[in-house]
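Owing to the predicted nature of the structure, the values given are computational and were not obtained by experimental measurement.
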Amino acid sequence: MILEILANKLEEAGFGKKGKDIFINSMPVQCHEGLLVRQTWEGLELDWELPGTHTGGIALISRASKFPKANDLASRAADALTVTSAVEIDDILLHYARPATSPIPYPQTDGGYVECATRIDLCFVV
């Protein structure tokens with residue numbers, strides 16, 4: 001549910017449309033330029049002392065034809081996802097969403113595209 005909320009924020013911020021430019025969990029190879037939000041390998045931590053509270057990070061991944069464009073897209077998207085004071089979105093209380101890393105470039109894909117990943121740290125209550 002949190003990934004859907006973040007994808008909606010990207011769409012509302014003008015980064016494109018979900019399913020065309022913005023993806024959740026996987027980005028098709030046919031996408032030449034876009035954004036992906038997905039869980040990290042660690043997943044989100046559950047706080048047993050505060051029921052319903054989740055902390056951890058998600059991966060925000062940008063794809064573009066050149067590094068400067070992928071880097072800029074990742075940076076702008078991370079800024080758009082940043083939340084510094086609690087806000088209620090749908091049934092979730094999002095305490096914060098903030099970039100934990102600057103964009104990290106990956107080697108060029110088989111399709112010749114560049115991808116950059118940024119970790120977005122989150123704290124929210126369901």
Side-chain angles (χ1 to χ4, degrees):
M1 179 176 228
I2 191 68
L3 296 178
E4 185 74 28
I5 287 171
L6 296 175
N8 288 342
K9 282 182 65 68
L10 291 170
E11 189 173 55
E12 290 165 7
F15 285 93
K17 298 286 181 201
K18 290 187 301 183
K20 183 176 183 276
D21 312 287
I22 302 165
F23 302 91
I24 299 171
N25 288 323
S26 66
M27 189 183 316
V29 295
Q30 299 89 344
C31 178
H32 304 286
E33 184 174 312
L35 293 165
L36 169 67
V37 290
R38 70 169 179 81
Q39 296 273 345
T40 62
W41 293 112
E42 299 86 25
L44 295 170
E45 294 180 25
L46 306 175
D47 189 328
W48 288 90
E49 304 302 319
L50 299 169
T53 301
H54 303 267
T55 58
I58 60 100
L60 170 65
I61 300 168
S62 66
R63 179 186 293 164
S65 57
K66 303 281 185 203
F67 170 74
K69 194 165 191 175
N71 188 66
D72 179 62
L73 181 59
S75 294
R76 289 185 301 109
D79 288 345
L81 292 180
T82 299
V83 172
T84 56
S85 58
V87 60
E88 192 166 343
I89 305 172
D90 297 333
D91 292 332
I92 289 181
L93 179 61
L94 180 59
H95 286 285
Y96 62 79
R98 54 189 178 217
T101 65
S102 57
I104 303 162
Y106 284 90
Q108 199 168 38
T109 66
D110 290 341
Y113 298 100
V114 176
E115 294 180 343
C116 290
T118 302
R119 179 185 161 103
I120 306 293
D121 282 343
L122 306 168
C123 178
F124 63 96
V125 180
V126 180

Once rounded to the nearest 0.5 Å, what's the spacing between atom CG of N8 and atom CD of E12? 6.0 Å
So which heavy atom on S62 is nearest to which on A70, and how close? OG-O, 2.7 Å
CD1/I120 to CG/L6 distance, rounded to the nearest 0.5 angstrom? 8.0 Å
Connected to I104, directly or through other members, by ILVMFWY side-chain contacts below 4.5 Å are none
Under 4.5 Å side-chain heavy-atom separation, chaining through any Ile, Leu, Val, Met, Phe, Trp or Tyr, what else clusters with V114? Say none if it is isolated. F67
Atom pairs and distances, side-chain donor-acceptor, residues 45-59, under 3.5 Å, sequence neighbours left out:
residue : atom : partner : partner atom : Å
D47     : OD1  : E49     : N            : 2.8
D47     : OD1  : L50     : N            : 3.1
T53     : OG1  : L50     : O            : 3.0

For D21, side-chain contact (heavy atoms from CB on, under 4.5 Å) partners two or more places apart: K17
Pairs involving residues 26-38, ordered by first then second residue, that meet salt bridge (Lys or Arg N to Asp or Glu O under 4.0 Å) (sequence neighbours left out): E33-K69
Indicate, with yes or no, if L44 and V125 share a hydrophobic cluster defined by side-chain heavy-atom contacts under 4.5 Å among Ile, Leu, Val, Met, Phe, Trp and Tyr. no
Got a sec, which residues hit salt bridge (charged side-chain N to carboxylate O under 4.0 Å, His left out) with K18, two or more places apart in sequence or on another chain? E4
Quick one: ring-ring contact (aromatic ring centres under 6.0 Å, His included) pairs with a partner in residues 100-119, sequence neighbours left out? H32-Y113
Residues two or more places apart in sequence or in another chain: which of them pass side chain to side chain donor-acceptor pair (under 3.5 Å) with E11? none
Looking only at heavy atoms, the pair that brings L36 and S26 closest together is CD1-N, 3.2 Å
Side chains of residues 81-102: which donor-acceptor pairs under 3.5 Å do they make with residues two or more places apart or in other chains?
residue : atom : partner : partner atom : Å
T82     : OG1  : A78     : O            : 2.8
T101    : OG1  : R119    : N            : 3.0

Joint cluster assignment, L3 & L10, ILVMFWY side-chain distance < 4.5 Å: yes
Heavy atoms only: give me the nearest A117-I61 pair and the separation to one decimal. CB-CG1, 4.0 Å
For residues 76-86, which residue pairs qualify under salt bridge (Lys or Arg N to Asp or Glu O under 4.0 Å), counting only residues two or more places apart or in two chains? D72-R76
Closest contact, heavy atoms only, A74 versus L60: O-CD2, 3.9 Å
Closest non-hydrogen atoms of P103 and T118, given as atom of the first, atom of the second and distance, are CA-OG1, 3.5 Å
Among pairs that include at least one residue of residues 10-30, which meet ring-ring contact (aromatic ring centres under 6.0 Å, His included), considering only residues two or more places apart or in two chains? none
